[in-house]
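One structure is given below, encoded as structure tokens.
What you see is a predicted model; the values in this text were computed from it and never measured. Numbers here are sequence positions counted from 1.
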Amino acid sequence: MAITPFLTFSLTLIHVLYGQLEDVIIDRYLIPTHCSREVQVGDYIRYQYNGTFEDGRKFDSSLDKGFPFVGQVGVESKVIPGLDKGVQGMCVNERRKITVPPHLAYGVLGAGSVIPPDATLVFDVLLLDLWNKEDKVQIRTLHRQQKCKRTVMPTDFVRYHYNGSLLVGNVFESSHLQNSTYDTYVREGNLIKGMEEGILGMCVGERRSIIIPPFLAYDDKGYGTKIPPYATVIFDVLLVDLFNVKDDVNVEVQKIPQPCRRKAVVGDFIRYHYNGTFQDGTVFDSSYSRNSTYNTFIGMGYVIAGMDIALQGVCVGEWRQVTVPPHLAYGENGSGELIPGSAVLIFHLHVIDFHNPKDQVDIKVTYKPADCNLTSAENDLILYHYNCSLLDGTRLYSSDDYPEPLRVTLGQGKLISGLDEGLQGMCVLERREITVPPHLAHGTDGALGVPSSAVLLFELELLQLQKGIPEGFLFIWLQDSPEPLFPVMDMNQDQEVPLEEFSAFIMLQVAEGRGRIHPGIDSDTVLKDMFKNQDRNTDGKITEDELNITVNEEEEVPIHEEL
């Protein structure tokens, strides 16, 4: 429809008249240093205000009402045009003095008994909040780990620390002050929509600033006295933990020694060192700090279920990183003050040794001479060299620590039973490696310098061997003894054998290989003891009657003690 000249003239006149009227006067007397966004037409804002006349008399105040003003700018506004215009371009935390002339306020009519006609109004405004219906959750990553194996996904369970604040900076809540993480499932209706969206894709150890508009936060209801209605909220979030109820134990093998003689199975007893941390790297326990391994049976319920699983199949000396979800660790309750509820645990393991209560001595011959006709056995006197260590290579003791190699009689209880067994059946100059389980070594009590329940590794070399005699004897015949014996022993045929003649006779048998005296005792002592046993009347000589005694009177079988 065409505009008539009159109408055109009228509109032009009105435009000229209004152009000559006073405009809103704005005094920005407090401007924040940071302003990421300014108020525009169509935005929603929340602000506190005081309304006064030019002489300072107050006619209205949001502070007196106990709640701020909330409304949309320039769209069916609930406020006078001058105030609507005066807040445009404001920043959150900005304060303005807005002077509104009458034609942009209540004009010639005023407002009842409160605002007289043609009144100029002055508003002191503090902008508290600003958002738009088109706003989305704003996510700003403040820190992210370089290595991120997994991120938050729907249905995951998360534990995080947070500081919650309003746009003006007021902190309304903090998990740090409560000294407890916030623990919840994601996308299970346990979080406001904006937070569900904001933490998706986070890594453990990542820190984010998440800005959530009111309609994705607490909307028109707010949250108690902490969060007012229509408030934008900011959460500074640090993700501490993350898992899913479908997670299993995760084992990452970091080092396997070669060779691996055997892998651990259920029922084995194992000793290992560990550092235990949460997913954010915080250490909660360490065996190293106690200078003692953790010792337990595998697969028998003595440790958390996840560790029972992770210890199966390890090799001695192996390093593993084990991640255990809470349902295979300490669950929702945690463990005392050490481990919080629903915590994922990471163990860095170093396996020191393991054994089975049924294990026997393991013997590995590393060198055997070609000429091997004589081997060590119980009651033999041997001279041997040894090195003893734990299976992880830790040196315990060695014959090099002493002036000369060790001399010992086998089978006399002078050695741990496993070592005694491992030294038997050796040739002179033979070398062996023997592995001795703790029940054949120092057992659960350990020994000086030897940890409890430790498997021992011995490197052995047999240097000398003197064949022994049965326990309880001082001398044995290697051939049939002369019969009758006394005439042979009475070397000068004077019908009596003193100590000197007796000793010469025995040593002759030894020298000619017909007999052997006890190798572990001084030979003079052995000879004196043997002579004493035969000198029945202790007159310093042995006669034929003293040499022969009858064991069985019917058979008249003579016996000569060792002889």
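The line from OG1 of T151 to CZ of R144 is 7.0 Å long, rounded to the nearest 0.5 Å. Here CE of M307 is found 4.0 Å from CZ of F347. Values are rounded to the nearest 0.5 Å. With rounding to the nearest 0.5 angstrom, the CG atom of D129 is 4.5 Å from the CG atom of L167. Annotation: the span from I199 atom CD1 to L191 atom CG amounts to 5.5 Å, rounded to 0.5 Å. Rounding to the nearest 0.5 Å gives a distance of 9.0 Å between CG of D280 and CG of L239. Distance check: N244 CG to D156 CG gives 5.0 Å after rounding to the nearest 0.5 Å.
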Going through the checks in order, is the side chain to side chain donor-acceptor pair (under 3.5 Å) test met by S342 and D241? CA-CA 9 Å; S342 301; D241 221 339; over 6 Å; no
List the steps, then state whether side-chain contact (heavy atoms from CB on, under 4.5 Å) holds for D362 with R261. CA-CA 11 Å; D362 179 71; R261 296 183 181 179; 3.9 Å; yes
Salt bridge (charged side-chain N to carboxylate O under 4.0 Å, His left out) assessment of E252 paired with K149: CA-CA 13 Å; E252 181 181 333; K149 297 181 179 179; 3.0 Å; yes
Could you check H161 against H176 for ring-ring contact (aromatic ring centres under 6.0 Å, His included), going step by step and ending with a plain yes or no? CA-CA 6 Å; H161 273 299; H176 298 280; 4.5 Å; yes
I would like to know whether E318 and R262 meet salt bridge (charged side-chain N to carboxylate O under 4.0 Å, His left out); could you show each step before the answer? CA-CA 12 Å; E318 183 172 335; R262 180 166 87 83; over 6 Å; no
For a salt bridge (charged side-chain N to carboxylate O under 4.0 Å, His left out) check, start with the C-alpha distance between E173 and K226, then their side-chain angles and the critical distance, and finish with the verdict. CA-CA 8 Å; E173 194 166 67; K226 298 179 178 179; 2.5 Å; yes
Stepwise salt bridge (charged side-chain N to carboxylate O under 4.0 Å, His left out) check, D135 with R37: CA-CA 12 Å; D135 286 349; R37 178 175 177 178; 2.9 Å; yes
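A salt bridge does not link K221 with D219: none of the charged nitrogens is closer than 4.0 Å to a carboxylate oxygen. Salt bridge annotation for D236-R208: absent, with no cationic side-chain nitrogen under 4.0 angstrom from a carboxylate oxygen.
The shortest distance between side-chain heavy atoms of L456 and T435 does not fall below 4.5 Å. Looking at heavy atoms from C-beta onward, L200 lies in side-chain contact with R187 at the 4.5 angstrom threshold.
When the side chain to side chain contact (heavy atoms under 4.5 Å, CB included) test is applied to V75, the partners found at least two apart in sequence or on another chain are V41, Q72. Take N179 and apply the side chain to side chain contact (heavy atoms under 4.5 Å, CB included) test, not counting sequence neighbours, and it matches no residue. The disulfide bond (SG atoms under 2.5 Å apart) search around C388 returns none, not counting sequence neighbours. Listed by chain and residue number, nothing satisfies the side-chain hydrogen bond (donor to acceptor under 3.5 Å, both in side chains) test with S289 (two or more places apart in sequence, or in another chain).
Each of Y223, F235, Y162 was scored for a ring pair (Phe, Tyr, Trp, His ring centres under 6.0 Å) with F172, with one residue passing: F235.
In this structure a side-chain-to-backbone donor-acceptor pair under 3.5 Å is missing from H103 to V108. Not one N or O on the side chain of D268 forms a donor-acceptor pair closer than 3.5 Å with the backbone of I270.
When all heavy atoms of Y47 and V125 are compared, the closest pair comes out as CD1-CG1, 3.6 Å. Summarising the geometry of V265 relative to I298, their closest heavy-atom pair is O-CB, 3.9 Å, with the distance given to 0.1 Å. Of all the heavy atoms in L121 and A105, the pair that sits closest is CD1-CB, 3.9 Å.
Using cut-offs of 30° and 60° on the angle between ring planes, the pair F269 and F297 is perpendicular. Below 30°, between 30° and 60°, or above 60°: for F243 and F157 the angle between ring planes is between 30° and 60°, a tilted geometry. Ring geometry for Y272 against Y274 counts as tilted: the plane angle lies between 30° and 60°, on a 0 to 90° scale.
No donor-acceptor contact under 3.5 angstrom links the side chains of D118 and Y106, judged on distance only. A donor and an acceptor atom, one from each side chain of R140 and S209, are nowhere located under 3.5 Å apart. A side-chain donor from one of S398 and N387 sits under 3.5 Å from a side-chain acceptor of the other. Counted by atom type alone, H273 and T293 present zero donor-acceptor pairs between their side chains at under 3.5 Å.
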Result block: side-chain N/O donor-acceptor pairs under 3.5 angstrom for residues 442-454, not counting sequence neighbours:
none

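Applying the ring pair (Phe, Tyr, Trp, His ring centres under 6.0 Å) definition to pairs two or more places apart or across chains, those involving residues 107-126 are F59-F123.
Judged by a 6.0 Å distance limit and a 45° cone about the ring axis, K97 is not positioned over the six-membered ring of Y29.
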